[in-house]
Chemist: 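This is the structure I want to talk about, given as structure tokens.
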There are 2 protein chains.
Amino acid sequence: MTETNVSFRALSASCKTCSLAELCLPRGLQAEEFQRLDDVIKARRVVHAGDLLFKEGNDNRSIYAVRSGSVKTFAITESGEEQVLGFHLPGEIVGLAGLDESIHNCSSKALETSSICEMPLDDLEDICLQIPSLQKQLLKLISREISQDHKMLLLLAKKNSDQRVATFLLSLSGRFKLRGLSSESFMLSMSRQDIANYLGLAVETVSRILTKFGDDNIVEVTRRSIQIVDHDRLLEVAST
Amino acid sequence: MTETNVSFRALSASCKTCSLAELCLPRGLQAEEFQRLDDVIKARRVVHAGDLLFKEGNDNRSIYAVRSGSVKTFAITESGEEQVLGFHLPGEIVGLAGLDESIHNCSSKALETSSICEMPLDDLEDICLQIPSLQKQLLKLISREISQDHKMLLLLAKKNSDQRVATFLLSLSGRFKLRGLSSESFMLSMSRQDIANYLGLAVETVSRILTKFGDDNIVEVTRRSIQIVDHDRLLEVAST
DNA sequence: CATTGTAATTGATATGGATCAAGGCTGGTA
DNA sequence: TACCAGCCTTGATCCATATCAATTACAATG
């Protein structure tokens, strides 16, 4: 892979001008601090569906911010199966789980063509010491990740398949809204297989439930396009 | 509750002399740094089975270290049920999930008489800026928490009930070993109900599986006492 | 435009674990 | 020492979801 490969071409955008700054790590930084963070960000690269951002066992300690597109993180079980741990949308940080070890303990793969910012941890730790608010924001993001995982534990331990799928759609809906995108009409970048894996269900079950939600006029589903028709009913299903 | 109540009586021990220091937050600190951490620790208190360490919605931002005994953390679902998120043994830190918000987003309850160190987050953040290695250790613990949660997601999404119970016993076994206690013979401080809740199973299922493991001579179970007879078979069951 | 491979749907059947319903053990208490 | 309450175990039955087996619908490719 050469330096001119599009995958590693630095994009012109900086944190300072990024429209996602308010969702991302630099939230609330001063102008001068933006610049320091910019200096740390190694590369803004474009990845394509199926490309790995990082792999379990990788020793390059970095975290990644999604600028556009989407990625999934996953672990491989002892028996070699994949377990999807999460999906990440623009403005979200990927790779926080591996801060302690020198290696990543899960992998991350692009779901579609996506633009990614890579931040080497060693550099990040350095400027965190200089910019306390960045330090604080990093902690905030990490503990938000834990909260999110706890919600997921609850979903897997207690919710039935209808509730799981409804909760999943609502989570995406809410996150799109946060990004100024339509919360009622969006495309799924992940396959039914990925959704099923993430939710601890069989593909067939996910498919059947989406069809049922369609029949019940709660959502309109056409392949990967989702239109939430009755948000209230969906909320009701999610928590019933 | 008066100041002389045993629950709030400060214990004499300090981080400097605590035998758990190598498992706990102060791992790898210098002598002088130990003292600073000691100053921050508000109280070493004794709690009894059923006592709350902190409650969802509490606004006292603290994290807690278990010195002896054990506690569980749990969230309450929309429908008012409890979801056990984890069990914490001596040397383990509780309350890391709520670092970002001003309030705790889960609750913690003692499973037995336990000795607990409370560390107010504001003070901790301050001395973290002065002691980088403490900062680093805190990050390490948090991201270990995330890794642990990921293992749990995998367990709930993919493992059957035998595997879940076997994995649970092995996790306790390994953690006891780390503390210099017997890894093959220990007491469960939590009820079958708590175990079932944590593992996403019915109490009856947990009970039946423990009985089965007994019949198969893998473990000897007498009420809350566990003796691992065939560690290898247990490993096998956990991942089969 | 036809071809082919992959993803998604749909239907039929099987089953692991939940639920319902008793009964038994144990540790605390008067 | 007997009683009680909570925890745990055991048995019978049911059901939600997995699994197996086609079929259909795209999207990519030449």
Side-chain angles (χ1 to χ4, degrees), chain A residues 48-50 72 77 79 81-84 109 111-113 155-169 187-216 219-226 237-238 240, chain B residues 48-50 72 77 79 81-84 109 111-113 155-169 187-216 219-226 237-238 240:
Chain A
H48 298 283
K72 66 173 172 180
T77 71
S79 45
E81 307 155 281
E82 177 175 319
Q83 175 61 48
V84 174
K109 193 178 265 190
L111 293 166
E112 59 189 316
T113 300
L155 177 143
L156 291 171
K158 289 237 157 44
K159 297 196 173 183
N160 66 26
S161 52
D162 285 358
Q163 295 173 315
R164 291 183 200 192
V165 175
T167 303
F168 172 69
L169 292 177
M187 293 294 288
L188 301 174
S189 58
M190 66 295 288
S191 66
R192 298 286 193 273
Q193 186 57 254
D194 281 337
I195 299 173
N197 185 308
Y198 178 58
L199 297 177
L201 299 170
V203 206
E204 295 92 329
T205 304
V206 172
S207 181
R208 275 186 250 270
I209 288 169
L210 287 176
T211 304
K212 188 173 67 175
F213 285 175
D215 293 346
D216 294 351
V219 288
E220 255 173 43
V221 185
T222 316
R223 220 163 156 76
R224 295 203 178 177
S225 125
I226 298 287
V237 172
T240 303
Chain B
H48 299 284
K72 67 174 172 180
T77 71
S79 46
E81 307 156 280
E82 176 174 319
Q83 175 61 47
V84 174
K109 193 179 264 191
L111 292 166
E112 60 190 316
T113 300
L155 177 143
L156 291 170
K158 289 235 158 39
K159 297 195 174 186
N160 66 26
S161 52
D162 285 359
Q163 295 173 315
R164 291 185 199 191
V165 175
T167 303
F168 172 69
L169 292 177
M187 295 293 288
L188 301 175
S189 58
M190 66 294 289
S191 67
R192 298 285 192 273
Q193 185 56 254
D194 280 337
I195 299 173
N197 184 308
Y198 178 57
L199 298 177
L201 299 171
V203 205
E204 294 94 327
T205 304
V206 171
S207 182
R208 275 186 250 271
I209 288 170
L210 287 175
T211 304
K212 187 173 67 175
F213 285 175
D215 293 346
D216 294 350
V219 289
E220 256 173 43
V221 185
T222 317
R223 216 161 158 77
R224 295 205 178 177
S225 126
I226 298 286
V237 173
T240 303

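Below, read A as the first sequence line, B as the second, and so on, with proteins coming before strands; counting in each chain starts at 1. Just so it is clear, the values below take in all heavy atoms, side chains as well, and ignore hydrogens, waters and symmetry mates.
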Chemist: Would you classify B:Gly214 as touching base, sugar-phosphate or nothing, given that sugar-phosphate means primed atoms plus P, OP1 and OP2, and contacts are heavy atoms under 4.0 Å?
Modeler: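 The answer is nothing, as B:Gly214 stays clear of every strand by at least 4.0 Å.
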Chemist: Rounded to the nearest angstrom, tell me the gap between atom CD1 in A:Ile226 and atom P in C:dA8.
Modeler: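 That distance rounds to 11 Å.
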Chemist: Strictly below 4.0 Å, N to O, side chains only: are B:Lys72 and B:Glu82 in salt-bridge contact?
Modeler: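 Answer for the salt bridge query: yes.
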Chemist: Can you check the A:Arg223 CZ to C:dT6 P distance for me, whole Å?
Modeler: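 Computing the A:Arg223:CZ to C:dT6:P distance gives 13 Å.
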Chemist: Checking all strands, does B:Leu201 fall into the base, sugar-phosphate, or nothing category for heavy-atom contacts under 4.0 angstrom?
Modeler: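 Here B:Leu201 touches the backbone only, sparing every base.
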Chemist: Rounded to the nearest angstrom, tell me the gap between atom CG in A:Leu188 and atom P in C:dA8.
Modeler: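 Answer to the nearest Å: 9 Å.
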Chemist: Is the shortest side-chain N/O distance from B:Arg192 to OP1 or OP2 of D:dT9 below 4.0 Å?
Modeler: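 For D:dT9, OP1/OP2 do have a side-chain N/O of B:Arg192 under 4.0 Å.
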Chemist: Please state how far atom CD in A:Glu81 lies from atom P in D:dT19, giving the value in whole angstrom units.
Modeler: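 After rounding, the gap between these two atoms is 10 Å.
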Chemist: Nearest heavy-atom pair of A:Met190 and A:Phe168: which atoms, and what distance?
Modeler: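 Result for this residue pair: SD-CZ, 4.0 Å.
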Chemist: Hey, does B:Ser207 reach any base, or is it just sugar-phosphate, or nothing, if we go heavy atoms under 4.0 Å?
Modeler: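 Touches a base.
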Chemist: Closest heavy-atom contact between B:Leu210 and B:Val221?
Modeler: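 Smallest interatomic distance, heavy atoms only, reads O-CG2, 3.9 Å.
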Chemist: Can you see if the side chain of B:Ser161 gets near the phosphate of C:dG17 - specifically, an N or O under 4.0 Å from OP1 or OP2?
Modeler: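 For C:dG17, OP1/OP2 do have a side-chain N/O of B:Ser161 under 4.0 Å.
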Chemist: So what does A:Arg164 hit on the nucleic acid, given a heavy-atom distance under 4.0 Å: a base, only sugar-phosphate, or nothing?
Modeler: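 It contacts nothing in the nucleic acid.
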Chemist: How many whole angstroms separate atom CG of B:Asn197 from atom P of C:dT19?
Modeler: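 About 12 Å, once rounded to whole Å.
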Chemist: Let me spell it out: for each of A:Glu204 and A:Asn160, pick the nucleotide of DNA chain D with the closest heavy atom. Which residue's pick is nearer the 5' end?
Modeler: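 Whichever sits nearer the 5' end wins; that is A:Asn160.
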Chemist: Over how many whole Å does the gap from B:Lys159 atom NZ to C:dG17 atom P extend?
Modeler: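 These atoms are roughly 14 Å apart.
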Chemist: Would you say the side-chain atoms of A:Thr167 pair up with the backbone N or O of A:Gln163, donor to acceptor, closer than 3.5 Å?
Modeler: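 Between the backbone of A:Gln163 and the side chain of A:Thr167 there is a qualifying donor-acceptor contact (under 3.5 Å).
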Chemist: The side chain of A:Thr211 is closest to which nucleotide in this list: C:dT9, D:dT9, D:dA27?
Modeler: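 Minimum distance to the A:Thr211 side chain belongs to C:dT9.
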Chemist: Between the side chain of A:Arg192 and the main-chain N/O of A:Arg223, is any donor-acceptor distance below 3.5 Å?
Modeler: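 Answer holds: yes.
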Chemist: What's the CD1-P distance between A:Ile195 and D:dT17, to the nearest Å?
Modeler: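 After rounding, the gap between these two atoms is 17 Å.
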Chemist: With a cut-off of less than 4.0 Å, is there a side-chain N or O of A:Arg208 near OP1 or OP2 of D:dA18?
Modeler: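 The answer is no; no side-chain N or O of A:Arg208 sits under 4.0 Å from OP1 or OP2.
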Chemist: Given atom CG of A:Asp162 and atom C1' of D:dC15, what is their separation to the nearest angstrom?
Modeler: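 Nearest whole value for this atom pair: 14 Å.
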Chemist: Just to confirm, is there a sub-4.0 Å distance from OP1 or OP2 of C:dG17 to any side-chain nitrogen or oxygen of B:Thr205?
Modeler: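 It does not, given that no N or O in the side chain of B:Thr205 lies less than 4.0 Å from OP1 or OP2 of C:dG17.
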Chemist: Ignoring backbone atoms, test whether B:Arg224 places a side-chain nitrogen or oxygen under 4.0 Å from the OP1 or OP2 oxygen of C:dT26.
Modeler: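 Checking B:Arg224 against C:dT26: no side-chain N or O falls below 4.0 Å of OP1 or OP2.
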